[in-house]
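To start, the structure itself, in structure tokens.
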Amino acid sequence: MRGKIEEIGKVRLDLSHYPGEDFYCDGEIEDELLNITRNYAEVEYPRIIEERRSWPFLYHLSALRENVVEWLPMDKSMKVLEVGSGCGAITGALSRKAGEVTCVDLSKKRSLINAYRHMDCENVTIHVGNFQDIEPDLPCDYDYICLIGVFEYAQAYISSDDPYEDFLKIIAAHRKKGGKIVIAIENKLGLKYWAGCKEDHLGTWFSSLEDYPEGGVVRTFTRDGLVKIAEQCGFSDVSVYYPYPDYKFMTSLYSDERLPRPGELSSNRRNFDRERLQLFDEKLVFDTLIKEDQFPLFSNSYLLFLGEMPAVKYVKYSNDRADDFKIKTILTQSVSGDRVVRQMEKHPLSEGAKEHIRKIHHAYEKLSERFADGKLQINECKLNSDFIKADKKENDSYVTFEYLEGKTLEELLDECLERDDLEKFHTLFNEYLERISCHEELAVTDYDLIFSNILITADGCWHVIDYEWTFEKEVEAKEIAFRAIYCYLLENEKRNKLNLDLILERLGITESDAENYRRLEMKFQKYVTGRRMSMDEIREAIAQPVYGLSQLPMLSPAEKQKGQVQIYEDQGGGFSEEQSFFLEEDFEQERSFRLIFEGQRRHLRIDPCSDYCIVFIKEIRWNDRTISVGGKELSVNGIPAGEGVYAFDTPDPNITLHLTELEQRQENVLEVSMQVTRMPEETVRHMRHTQKRGFFNR
């Protein structure tokens, strides 16, 4: 078989070392993926992902997988080696950036998927077979070697006492002088594992934290562990980046020169592939780690960069959007003499987004005019010179911003809440309202003037650092302020201590105004994302369960009893503990049961648990009759929160069935189906408060 070459479109498939069968396969999923890549254009993949609502299709087909390598400083003069290319999740990005891409993968079927997916790429060659067999034939002149989700399997590739070091040494021999190696891998101590996510490779809880007691070929590492391996292999230029939430669907990339700030890491519910526990609020713990300078130890993933570190120190991807709005934000750092120069840039990620970038510069000019005699400084924005010339090169089309140091208004407001200094909080909020109200009668508005987009520098100046969503229309300052407080409260339950009545009264917002503003916000979000589902919506559609502490079997009998369903029977003397019983089933969220009652009763009361909770009543039937939720036969001591949904701001939730309004027989059958989610007291009490104000009703 040596020398056998197949061509799939313009892609070369080298089968010289293919052993004749695939030694690993995901079965029917790969057959479906092969069919999709053969018969559908890449532009149709988002629709297919939404329709299938399945982790494998999201994982293999989502364009967001490319983010982990899209930022790398490559050009068409460069050669790239991708080891473990699989179904080609990042091959396309490498092909667009580099002049020549060589892929290596053990599976022929996965390589076929990759080839059909990128069949128009004339610079891609895929070698199929065992890496150890293929490696001796590979040249030694690659500018970049990418190991994305591969290094942890080195024991499977290399048979030696030190497989990880030996694997890295073998790989390093194929670099040209000055070439780079990029390794993306999970952190064995990643915070998501402490919080209750299963280990990515084994699907077991806490196995990496326990240093893989069951063995196996997979190993992940800490930051220091990765650096140590690289240094023992002779690398002197070693840099570590921190992909967030992880490298698979990276939306932000941090470095030691630009670590995350408190409040930034809020996208942690990423359980696409399997169920998880929710042992604590990861956002709050991340904030603690950031304040204590411990984030690098607990980052969910690492990107190890071997070679001279790029100028890029931070990247934020905003490509979970409609095509015309897909951009990235980059922080670069360089040295000019003895001065460190930092610069923020925004780049389009699609042809359509180039016009969006132009509009950002136009927004700078219009907002600068509006606030010229006000108290808000608009961060300086410049168009790249090649962009002004309408150069069609995508990488040359961007705008630059002055880099500023300081604290965001969001951080300052949070500090006020942490100190219980509500007076200072309202002083800052009133100052915010005053500053954004400057010339509100003019037809130009930064709609996204939220607290995190305002930076206060050491000299006390307030700077607007992001004004991407500026529209040439007149909008009242109270609407912008409402949106800012709306976003602020939704992001963190700790902020619910705020008295919303005071804020809404200060803004002069009626319940009718609030409802209208919410509709406008929903319309705006759809405008940004287009007709496609956002990543959060896809996660909800895949719907892997999340189990909180309240849903776990606890050692304490009293705590366990809190989660049990209790039934009270009123036989004429009212409800009492003596005339009640607990159901023995160990329910999780779904609670369905069928009970038989002999003889007459006046009322039955169902306590879904003995804790604060949210309950979705799917169906209640009495003697084959469906009981209408909200009718005279049924009463609930909770807050209506949707059709059949109630929030109980009491540890004694109850659903009462009034049997005097119903037919009773000698033998009566009660059938109940409901979902019960226990919640923190603060959360449901906040729902009671905001429901009264109509603040979050949709």
Side-chain angles (χ1 to χ4, degrees), residues 258 314-319 321-322 324-333 341-391 394-410 432 434-457 459-477 479-481 483-484 487 524 527-528:
R258 167 55 167 100
Y314 165 77
V315 188
K316 179 182 179 181
Y317 282 91
S318 302
N319 53 347
R321 295 175 170 183
D324 287 348
F325 305 132
K326 292 179 178 179
I327 67 170
K328 64 180 175 183
T329 303
I330 296 176
L331 169 65
T332 61
Q333 179 175 301
V341 179
R342 286 185 156 192
Q343 179 174 280
M344 297 296 294
E345 304 171 357
K346 287 187 182 290
H347 294 249
L349 292 171
S350 67
E351 191 66 29
K354 288 185 177 182
E355 182 58 27
H356 186 59
I357 292 292
R358 290 181 187 273
K359 288 180 179 179
I360 293 175
H361 182 262
H362 182 65
Y364 163 69
E365 295 175 332
K366 300 297 290 185
L367 290 171
S368 295
E369 292 175 7
R370 172 178 167 176
F371 292 103
D373 57 351
K375 298 179 180 179
L376 276 181
Q377 302 292 320
I378 309 303
N379 194 17
E380 184 180 6
C381 173
K382 295 180 181 179
L383 274 170
N384 171 265
S385 58
D386 289 332
F387 198 4
I388 294 173
K389 297 173 186 176
D391 194 316
E394 187 174 87
N395 290 340
D396 292 333
S397 308
Y398 63 94
V399 288
T400 61
F401 301 84
E402 178 185 6
Y403 182 78
L404 299 170
E405 295 279 4
K407 285 189 174 182
T408 65
L409 179 57
E410 181 179 79
Y432 161 82
E434 177 190 354
R435 290 175 186 256
I436 71 170
S437 298
C438 178
H439 294 302
E440 64 180 323
E441 75 281 359
L442 296 180
V444 57
T445 301
D446 178 2
Y447 192 68
D448 198 29
L449 206 50
I450 57 177
F451 304 143
S452 59
N453 284 337
I454 295 177
L455 191 81
I456 292 90
T457 49
D459 58 3
C461 287
W462 290 42
H463 300 263
V464 182
I465 56 175
D466 195 336
Y467 37 86
E468 180 183 354
W469 300 106
T470 297
F471 303 99
E472 293 194 52
K473 64 178 182 179
E474 181 181 339
V475 179
E476 290 183 289
E479 178 180 343
I480 302 303
R483 183 174 185 272
C487 295
F524 172 67
Y527 170 71
V528 173

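This structure is a prediction, so every number in the text was calculated from the model and none was measured.
Between D373 and C438, the closest side-chain pair of non-hydrogen atoms falls below 4.5 Å. Considering only heavy atoms from C-beta on, T445 stays 4.5 Å or farther from F471 through its side chain. Side chains of Y403 and Q343 form no contact here, defined as non-hydrogen atoms less than 4.5 Å apart. By the 4.5 Å heavy-atom criterion applied to side chains, E479 and Y447 are counted as neighbours.
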* Asked: Does the side-chain contact (heavy atoms from CB on, under 4.5 Å) test come out yes or no for R342 and E405, once each step is laid out?
  -> CA-CA 10 Å; R342 286 185 156 192; E405 295 279 4; 3.6 Å; yes

* To do: With side-chain contact (heavy atoms from CB on, under 4.5 Å) as the test, would you mind laying out the steps for T329 and F401 before giving the verdict?
  => CA-CA 10 Å; T329 303; F401 301 84; over 6 Å; no

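Annotation: side chain to side chain contact (heavy atoms under 4.5 Å, CB included) contacts of T470 (sequence neighbours excluded): A363, L367, V444, D446, Y467. Residues satisfying the salt bridge (Lys or Arg N to Asp or Glu O under 4.0 Å) criterion with R483, sequence neighbours excluded, are D448, E521. Partners of E472 by side chain to side chain contact (heavy atoms under 4.5 Å, CB included), not counting sequence neighbours, listed by chain and number: H362, K366. With sequence neighbours excluded, the residues satisfying side chain to side chain contact (heavy atoms under 4.5 Å, CB included) with S452 are E410, I450. For E434, the salt bridge (Lys or Arg N to Asp or Glu O under 4.0 Å) test picks out K375, with sequence neighbours left out. With sequence neighbours excluded, the residues that form a salt bridge (Lys or Arg N to Asp or Glu O under 4.0 Å) with E468 are R321.
The side chain to side chain contact (heavy atoms under 4.5 Å, CB included) test with P348 is passed by exactly one of K354, K326, R358, E355: K354.
Using modelled atom types, no side-chain atom of D324 and backbone atom of H356 make a donor-acceptor pair closer than 3.5 Å. T457 contributes no side-chain N or O that, together with a main-chain N or O of G406, makes up a donor-acceptor pair within less than 3.5 Å.
Atom-to-atom distance recorded for S368:OG and N379:CG is 9.5 Å, nearest 0.5 angstrom. The distance from atom CG of D459 to atom CD of Q377, rounded to the nearest 0.5 Å, is 9.0 Å. Atom OG1 in T400 sits 8.0 Å away from atom CG in N384 (nearest 0.5 Å). Between Y317 atom OH and H347 atom NE2 the span is 10.0 Å, to the nearest 0.5 Å. To the nearest 0.5 Å, the span separating CG on L455 from CH2 on W462 amounts to 11.0 Å. Between the NE2 atom of H361 and the CG atom of L383 there is a distance of 4.5 Å, given to the nearest 0.5 Å.
The distance between the ring centers of Y527 and F325 falls below 6.0 angstrom.
Of all non-hydrogen atoms in Y432 and L449, the two that sit nearest each other are OH-O, 2.7 Å. V399 and I357 get closest at one heavy-atom pair: CG1-CG2, 3.7 Å. Taking all atoms of both residues into account, the shortest heavy-atom contact from A477 to E440 is N-OE1, 2.7 Å. The two residues K346 and I360 come nearest to each other via the heavy atoms CD-CD1, 3.8 Å. Minimum interatomic distance between I378 and F371 (heavy atoms only, all atoms of both residues): CD1-CD1, 3.9 Å. In terms of heavy atoms, R370 sits closest to H439 at O-CD2, 3.1 Å.
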